[in-house]
Amino acid sequence: MKKLVTGERIVKSYGKGAERRVVLDGVSVDIHEGEFVAVMGPSGSGKSTLLHALSGMDTIDEGKVIFGGRELTSASEKELAEIRRTQMGFVFQQPTMLRNLNLLDNIILPALRDHRKHGTDLVARARMLMKRAGISELEQRDITQVSGGQLQRAGICRALMNRPRIVFGDEPTGALNSRASQEIMSLFAEVNAEGTAVMLVTHDARVAAWAERVLFMRDGRIVSELALSRRDGTGMEARVEQVARKMIELNV
Amino acid sequence: MYFRLIRQDIVRSKAISLITTLFVAASALLVSLAAILIVHLTGSLDALMTEAKAPHYMQMHAGDLDVARLEAFAARNHNIEALQVVPFLNIDGARISIGEHTLADSVQDNGLSVQNGQFDFLLDLDGKVVAPSDGELYVPVSYMKPYQLEIGDQAYIGGRPFVVAGFLRDAAMNSSLAGSKRFLVSDRDFEALKPLGNMEYLIEFRLKDPSRLGELEQAYLAAGLEMNGPTVTHALFRLMNAISDGLMIGVLLLVSLLVVAIAFMCIRFTLLAKLEDDYREIGVMKAIGLRLSDIKKIYLAKYAAIAAVGAALGYALSFAFQGMLLRNIRLFMGGGEHAALATAAGAFGILLVFASITTYVNRVLNRCRKISAVEALRFGTSPDTAGGSRWFTLSGNRWLSANILLGVKDVFSRRKLYATMLAVLVLSTFILIVPQNLYHTISSRNFIGHMGIGNYDLRIQVPGSVDQVADKVAGIAETLGDDPAVSRMAVLVTKAFTAITKDGTEQNIKVELGDHKIFPIAYVTGQAPARNDDIALSSILADELGASVGDALTLLVAGGEKVMTVTGIYSDITNGGKTAKATFPTDAKDMLWTVICVKLAEPSLVEVRVREYAGKFAYAKISDIDEFVAQTFGSTIASVQTASRVAIVVAVALAVLVTLLFMKMLVAKDRYPIAVMKAFGYTHADIEVQYLSRTLLVLIIGMALGTLLANTLGELLAGMVIASFGAAAFHFSVDPMSAYVFSPILMTGSVLLAAWAGISGAGRIRISDNIKE
């Protein structure tokens, strides 16, 4: 399989002098086209920072990040924004919606900037995505008028607006109850099944079990990796157990 | 702990804290100055009124007078401490010249007095009661600056030479509102000049108990004593003396109010943004049982610190500036010893500013009360900030570019937030346009018609003091008649007459006699005089005489009474705006001056003819009409021009400063949505376009409203200013290039630049810092 994102010996630290804290300590990682990867680890292990580094949202101190053959570490702010806009999608733990826009407007936001260049009918695409996510009837609602699970589904629709090559999810189910989080995960699985790569950061073994590869982090390093079989909709229990056993083994 | 919190917070928002402090300092400066001025004004005024022993009651009277009867009245009335009848020799301004100026165009009734014996003393600039020697003249202090007079200047009154020996503080007539001005001369000079003017009398009383002034007024009226002229009381003297500096104090207070409002805006904005940021923390503090007052203290501390620093700075500055503003009070009323009290008053002023700011912050902080601990912990954001305009959605709009769309949308969905900025921009536009329109109006050629000047090219003025003036005027008229370049001309003779109004009071008025149909002027109502007993009045004179079109007005002409009919009222700025026009024939005797108006067939010849006639008629003043307007109205036009330039600077500075501040605050407040936009691939340039479109939208609405206000309310205000010079029926004549092209371009350019500078901080907003997991 072709590599989509490559991180080479990434070092990232916060603070200076005696207070300097190394968050990523020479991490190297590859994510392939269409792959579903989960990153697990305790708080402060550097998993969110890794996601920010791989998506070009944050700068790194040392090392290299290559996305689709292009080096992000040397790209300009404009180039980075363009890559994020056209090739990446993001889903955060909090809904990160703009308060003065309704749900539909929030979803079309990433696509709005270029829509005339591409001539796409973005409202039609947004409605199609919302229908698939089961939230079509909510399009004119304010973001305070819908539930957390519905907001997160809208967040996924927003991430998919520009047909990205990869969707990054930073604890996308962290604020949801277990039923809502299973619904979100099946939506991610659907997206992945259509060929979009997915990289999720999570604490939850039941979320990580949806992935085909799980990376375990501690103290800024990837300490282990677990390959799961390609998902076929059955045997979820067994996959969760596999992930959980590994977590206990590694004490993460 | 507070100190550490304050320092941290201020370091995090340096620019905004600094600007807020500056606004507080500016308002403290203005309030403190106003307080200091009030103390000095009242103190100096009291000192002047006391030292000069200003009369408690003064009745002016023109005409004969029965002194014995007045003395009998005073003897009967136990409250009267002293009576004094002061002669005032009213002399036409044209007969008084000091230095290089005559008082011909003075609006005031000028006259001579001698020093009084008992009270109502005329003081020199050292506050001493002066007694001039023969040949010495003391000049009212209000003429010192406008005519640039100095001690030792040569003066002539009706040809009699004087030397300016000093300047007078006159408790009764200092103010330009007083209408009369007293010059002080020796008894002998006064006697010698008596034939030159009209004698009037000031009947003055000092009372034992000034609070029972009302009774005296009643008694005076009931006794049927002399009262052909205005009555002035002690309180009115005070008011007239206080009014010009009082107006300045009023303007200072008004401006400081505006500045305080801007400071409030800054504070409200930063504070609300901070509260929104700290929504969850406040919830936590509440949940762990901190009282509301404890929570408020944390926020109050910072603004108390800012208010304290700003107020102290403003207070210090007010001492540096006070000398400049006190100059006028010191000159007109003398500097009293009020330094300690003024310092205290200034301190009280800044305490007031400090108190109002802390009170305001405290009120804004009451919002903390509404934050529910549970909601804050569950949602982490305040629920009432969401929502927007329903009718304006991104999905429903297909023709605006994404960034402009987002910018416009934001303005509509957060209308309250942008209202303050809009208000400032409306105000700036108003300040920018009104003085400019006023200047353009009064400097335009069309305005001459409103100034009492007909449409002619040349103006030849022959003073009445020239020997054999009638022959000389006839000679000029003959020469002009033979000049083929002259197409029309009119000879207008100005003389002074006594007018008797409906209620029997007498007043000296200047009447211009001749044919007024040759060069017609604009009439506010009615028309030019045509028959021998017609008279037209300037609007200020008509107001003063209480006359309107169709009324009768009696003139004393050649010893007899002549009943005239008022046929028209016109605007006039010449001769202080108080003139009249009539057509009845007259001779050259006692003529003040003659003006010959000339229209040339070929206007390009004006310059040549001015030079030619100036050589030929050395005793006459020959000017082309533009020059004449410049001379009579030039200083007013120049000061309006200066004012309009200052207004441009003030308006642009205000708009720039507030926009800069507003944008900085907005970016600080909007860190989160900016980070979201960036995460989804919007560049810094995109964000800039969004914020610039917000600014531009608010600016366009602001400029439209401001221009509209300028042409309605502004025109009304400017009309009031203009009417005080004598030109009624005022309408703006707008220079469209300047008002509707250059001003908007200037405003747009500077505001957009300020906005651009204000949003530069958005580039430093990092996505990962602001989208917290």
Side-chain angles (χ1 to χ4, degrees), chain A residues 48-49 51-53 55-59 76-90 92-102 104-116 122-123 126-127 139-140 142-145 148 158-159 161-162 168 170-171 174-175 201, chain B residues 276 280 375 378-406 408-415 417 670 672-687 689-690 763-764 766-773:
Chain A
S48 285
T49 309
L51 184 142
H52 290 155
S55 60
M57 273 204 291
D58 211 346
T59 54
S76 68
E77 187 251 1
K78 230 173 125 181
E79 287 170 321
L80 279 176
E82 198 200 328
I83 293 169
R84 270 205 299 278
R85 197 166 63 239
T86 56
Q87 308 196 35
M88 301 176 182
F90 293 92
F92 300 98
Q93 178 178 0
Q94 298 298 334
T96 60
M97 299 274 173
L98 299 191
R99 285 177 191 155
N100 58 359
L101 303 183
N102 65 25
L104 178 64
D105 282 354
N106 261 298
I107 289 169
I108 63 174
L109 184 68
L112 193 64
R113 189 184 178 280
D114 304 321
H115 82 280
R116 270 193 302 203
L122 52 105
V123 175
R127 288 196 170 128
E139 61 174 52
Q140 296 304 325
D142 281 341
I143 60 159
T144 45
Q145 296 169 325
R158 176 174 61 176
M161 269 309 284
N162 285 329
F168 291 99
D170 196 355
E171 310 247 20
V201 166
Chain B
E276 221 168 275
R280 190 191 286 265
E375 259 183 18
R378 255 184 71 190
F379 301 113
T381 70
S382 86
D384 55 8
T385 51
S389 58
R390 307 210 150 267
W391 50 272
F392 191 90
T393 57
L394 305 186
S395 51
N397 198 306
R398 282 158 206 276
W399 49 275
L400 281 176
S401 96
N403 290 319
I404 296 176
L405 197 57
L406 282 164
V408 172
K409 163 88 185 164
D410 191 68
V411 173
F412 283 125
S413 54
R414 296 196 288 181
R415 286 181 293 271
L417 188 66
D670 285 354
Y672 178 76
I674 289 173
V676 171
M677 297 261 187
K678 283 189 166 186
F680 288 99
Y682 282 80
T683 62
H684 178 53
D686 290 331
I687 309 280
V689 173
Q690 291 178 20
R764 289 191 297 273
R766 288 152 59 104
I767 305 163
S768 51
D769 291 348
N770 289 287
I771 300 182
K772 285 272 185 286
E773 299 304 330

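Atom set for the values below is all heavy atoms of this structure, side chains included, hydrogens, waters and symmetry mates excluded. Order of the sequence lines fixes the chain letters, A, B, ..., with proteins taken first and strands second; residue numbering starts at 1 for each chain.
Heavy atoms closer than 4.5 Å to chain B are found in the backbone of A:Met97, but not in its side chain. Heavy atoms of A:Thr59 lying under 4.5 Å from chain B belong exclusively to its side chain. Interface residue A:Leu98: only side-chain heavy atoms are found under 4.5 Å from chain B.
Heavy-atom pairs under 4.5 Å with chain A were tallied for B:Leu406, B:Thr683, B:Asn403, B:Val676; the largest tally goes to B:Thr683. Counting heavy-atom pairs closer than 4.5 Å to chain A, the top residue among B:Pro673, B:Gly681, B:Ala679 is B:Gly681.
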Practice item. Please test B:Met677 against A:Leu109 for side-chain contact (heavy atoms from CB on, under 4.5 Å), starting from the C-alpha separation and ending with a verdict. Key: CA-CA 8 Å; B:Met677 297 261 187; A:Leu109 184 68; 4.3 Å; yes

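One N or O on the side chain of A:Gln145 and one on the backbone of A:Asp142 form a donor-acceptor pair closer than 3.5 Å.
Listed by chain and residue number, B:Asp410, B:Leu417, B:Tyr418, B:Leu666, B:Lys669, B:Asp670, B:Arg694 satisfy the side chain to side chain contact (heavy atoms under 4.5 Å, CB included) test with B:Arg414 (two or more places apart in sequence, or in another chain). For A:Asn162, the side chain to side chain contact (heavy atoms under 4.5 Å, CB included) partners at least two apart in sequence or on another chain are A:Arg85, A:Pro110, A:Ala111.
Aromatic ring orientation, A:Phe90 versus A:Phe168: parallel (interplanar angle below 30°, classes split at 30° and 60°).
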